[in-house]
Amino acid sequence: MNNLIENISLQSQPGSKLKYTAKDFQSDQEVRWCPGCGDYSILAQAQRIMPDIGIPKHQIVFVSGIGCSSRFPYYMDTYGFHGIHGRATAIASGVKLAQPDLSVWVVTGDGDGMSIGGNHLIHLLRRNIDVNVLLFNNQIYGLTKGQYSPTSEKGKITKSTPYGSLDYPFNPASLALGASATFVARTLDRDPKHLQSILKRAHDHKGTSFVEIYQNCNVFNDGAFLQFTEKETKDDSVIYLEHGKPLVFGKEKDKGIRLNGFSPEVVSLKDGKVSIHDLLVHNETDTTLSFILADMTYHSHMPRPLGVFLSIERPTYESEMQRQIEFAKEKRGEGNMAKLLNSGETWTIQ
Amino acid sequence: MEEKKLRNLDEATIRFAGDSGDGMQLAGTQFTNTTAILGNDLSTLPDYPAEIRAPQGTTSGVSGFQIHFGSTEINTPGDSCDMLVAMNAAALKVNLPSLIKGGSIIANTDGFNDKNLKLAGYSSNPLKDESLSTYQVFEVDITKLTITSLQEMNLSSKLVDRSKNFFALGMMYWLYDRPLEPTLKWLAEKFADKPDIREANIRVLKAGWNYGETTELFKVRYAVAPARLAPGKYRNITGNQATAWGLMAAAQKAKIDLFLGSYPITPASDILHELSIYKNFRVKTFQAEDEIAGITSAIGASFAGALGATTTSGPGFSLKTEALGLAVMVELPLVVVNVQRGGPSTGLPTKTEQADLLQALYGRNGEAPIPVIAAATPSDCFNAIYESVRIAIKYMTPVICLTDGYLGNGSEPWFIPDYEKLPDISPHFRTDPEGFFPYERDAVTLARPWAIPGTPGLEHRIGGLEKQNISGNINYEPENHELMVHLRSEKVARIANDIPPAEVEGDQQGDVLVVGWGSTYGAIKTAVQRHRAKGHRVSLLHLRYLNPMQKNIGEIISRFKTILVPELNLGQLIKIIRANYLVPAVGLNKVQGAPFLAEEIELKIDELIKGH
Ligand code: SF4
């Protein structure tokens, strides 16, 4: 296998020309999401960016759990593993640690990733294994036909909560930051360009990349993100985070975010009292700031932040693992089983 | 001073017992290693509470370590001990029932003060009343002697107190004529940078030995000559260490990485600890966030071409259930070690049991056949896991390897195998894209190809949904499902063509055949040997392969009048034997968190013979 892997890494030398198109990443399987489902756009954007990331497709692995989104790997003409509910992150960890050269992607949902798989997700994030997690958040259980999910708003009326759900929702970005993620971003299905750019950033980041993707489930939770996608409302409801740029939003670019103590507040740039220089400037490498920005999520008077909340460097788990392996080899030499079996206290019977 | 007598023994069984903080496991392990180096055959039974420090001085906090050693073949840790070291009253109370009548007790008198007696539930001091009159009691104030020997060193009283196990050990070394050197060497290495502790333990160890030499108390010491084992090189090994080394040896043989995804759990954690050391052997250990991540990360690693393995015990094994089904479905090599312990639920974490057999065989949703292999002795864990890996890779299947707490913690001398001569394990990684189908099978083994990410042209998708035969695409058609269920089952069944036939120990036919599996081997073997010595027609059939079973089992069983199946559960293998071979097998069952005594099996055989 060693030889096999060496051969492979030769072929993926940077600079080797890979002339893929999006079509090369479409598998022969018929896509079976409901017509109009937001998953289609996400699949299309992922297939579109794959030629750009410069990785041969035999070196790409998509891993998923269970749920509508988790059918994703079947539609990508790469290696794929459709796992069991909630465990995609753990399976992907094993794949990546076994072969650190692979480009490993996890596709999960709000139920798969935050409910049954919440534990594995937070541990993946703190370990910082170089895996890209795409969490399709549709705020509902789609595959099981419409129960509330861990990201559904409190009071949600569904089949399992006829009087309204009682649980307060997770904010995936805050959860990821709390788990010491090194890359946290949010995007949405209806903004292909933004989605593509975030996917590429996720790929480029060394370490676990966590991408929350707002995804419309038009069958069981239609319009959950309408406010952030429709022309009439989106400009006033969304703020795009851009590194080094002041936080400005609104149709007329006439509103901004200013820090008042540790709390962000919406200010108007119209009346001349506040200038663009007073606004908060986004810094992707500022961990504290990322918490503040992510926390804006469920405040109704705040625009919803999209973009990269945080992107920082921390050694990846697999590189540290490799370092220990090298250290052990240096100290003890390449393992020799026959020698080990005969080492220590032994005695011979004639 | 009167010359002490040296008496030769064929075998001896001694037990160190004290509070769980008294270091009895360490004393026992040291005695074991020294005894192994002397060339005795031996078997050990560590027995300790689940709590790290159970309430001091109480019976629930007693920790014991029994070692049976001899110049003859030793198969069990001994039904009873001849010599009991009791560091306190509770240790005496708990362990007295396992001391033979007329046996010796070395009692640490300091451990029999009023408080200790009360905590142990004694109304009068057994050292002072007549209750121990049938035993030979040696009263030694181990605590005080330890303090005295360390007087000049100015150590904390805690450190002094912690050293008294070495006094007991030194005394036992003297009594059984063992050298101090192996333990001195161990101390020098272990406490290389803790000179205080090293020096204290050395002094106390020597003080214990010298005490034996000079005291008027002991008139006799014992010698146990080396065993007449098969010629060759030996080492002492515990079951968990043998399991770890077997995994490494198999992965090395297969020339692939070993990936261990595991979550700490008693009594399996030592396998994880052991493997974590050997990163220079292409070993990657991953302490996962839970049992499920342990197994699923291992499945992921197997998908990527490593040997995925996970180690656990009862409750953890339950948690892995769903993932085991996934491994069956995706048909990847995977080895799962279950170091069984008393259940259900948290049960008896530090005690042994064999009650997970049916779970291993059947505990999954759907028709999910998995090969199951069991180890018979501590050192046999090496062979059992090695064979598990061979099958997992050759047949592209998860394999469950069953050991148990007794095997995992127990130790014995091990005839070191010749690594070069271990069976071949060669994974066949598919590289040719031409005509590649993920679920096309080998005509003989029915194994599907191992096509790992990173291989150009073999991009494919697998998962837990039913597969279409050959293509591996998702498929829900009724006929296809039925075909796949049969194929998965047939694949596992065919392993029976690839394993050696079962062998009977003893006559090939007769009155009673004792059928066993797992760690009961030593006790059953001893019981059978005792009957055979009396001329009874009793034989032993010990099963390594629980699924699939060897092809000649039914035929062997048919040659005996009565089938006895002793198990540390309420009768699990017996169900399989009855169902598969339609025989009215008789069970002998024990669920006390402890191994069988050979005597218990011997009596049962007696009963069956008389019934003839
Ligand atoms: S149920 Fe909702 S999320 Fe699932 S495929 Fe249909 S539209 Fe998409």
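By convention in this document, chain letters (A, B, ...) are assigned in the order of the sequence lines, proteins followed by strands, and residues within each chain are numbered from 1. Computed from a predicted structure; not experimentally measured.
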| request: For B/Lys320 and B/Glu291, run salt bridge (charged side-chain N to carboxylate O under 4.0 Å, His left out): C-alpha distance rounded to whole Å, both residues' side-chain angles, the deciding distance at 0.1 Å, then the answer. | output: CA-CA 6 Å; B/Lys320 296 184 194 294; B/Glu291 295 281 356; 2.8 Å; yes
| remark: Applying a strict 4.5 Å limit to non-hydrogen atoms, the region of A/Phe327 in contact with chain B is neither
| note | So OG of B/Ser302 and CD1 of B/Ile393: to nearest 0.5 Å the spacing works out to 8.5 Å
| message | Is B/Phe415 close to chain A through its backbone or its side chain, or both, or neither, when contacts mean heavy atoms under 4.5 Å? | response | neither
| Under 3.5 Å, side chain of B/Lys284 to main-chain N/O of A/Leu97, donor-acceptor pair present? | yes
| message | Quick check for you: among A/Leu124, A/Ile122, A/Thr78, A/Asn336, which has the greatest number of heavy-atom pairs under 4.5 Å with chain B? | response | A/Thr78
| request: Nearest 0.5 Å please: distance from the CG atom of A/Asn119 over to the CZ atom of A/Arg87. | output: 8.5 Å
| field | Ring center gap for B/Phe286 and A/Tyr317 short of 6.0 angstrom | value | yes
| said: Given 3.5 Å as the limit, does a donor-acceptor pair link the side chain of A/Ser319 with the main chain of A/Pro315, or not? | reply: no
| query | Using a cut-off of under 4.5 Å for heavy-atom pairs, which of A/Asp28, A/Ile60, A/Thr348 has the most such pairs with chain B? | reply | A/Thr348
| query | In terms of heavy-atom proximity below 4.5 Å to chain B, should A/Arg126 be classed as side chain, backbone, both, or neither? | reply | neither
| field | Which of A/Ser93, A/Ala90, A/Gly86 touches chain B most, by non-hydrogen pairs under 4.5 Å | value | A/Ala90
| message | Less than 4.5 Å to any heavy atom of chain B: does that hold for the side chain of A/Leu340, its backbone, both, or neither? | response | both
| request: Quick one: which of A/Pro73, A/Ala328, A/Gly335, A/Ser27 has the most heavy-atom pairs under 4.5 Å with chain B, could you say? | output: A/Gly335
| task | Salt-bridge test for A/Glu326 and A/Arg323: reply yes if a basic N is under 4.0 Å from a carboxylate O, no otherwise. | result | no
| remark: Scored by heavy-atom pairs under 4.5 Å with chain B, the best of A/Val61, A/Asp77, A/Thr89 is A/Asp77
| request: Would you mind checking which part of A/Gln29 comes under 4.5 Å of any heavy atom in chain B, side chain (CB onward), backbone (N, CA, C, O), both or neither? | output: side chain
| query | Is A/Lys329 close enough and on-axis enough to B/Phe281, meaning under 6.0 Å and within 45°, for cation-pi? | reply | no
| Does any heavy atom of chain B fall under 4.5 Å from the side chain of A/Ile325, the backbone, both, or neither of them? | both
| field | Which atoms of B/Gln252 approach chain A - backbone, side chain, both or neither, heavy atom under 4.5 Å | value | side chain
| said: What part of B/Ala451 gets within 4.5 angstrom of chain A, counting heavy atoms only: side chain, backbone, both, or neither? | reply: backbone
| said: Can you confirm if the NZ or CZ of B/Arg461 lies within 45° of the ring axis of A/Tyr74 and under 6.0 Å from the centre of its six-membered ring? | reply: no
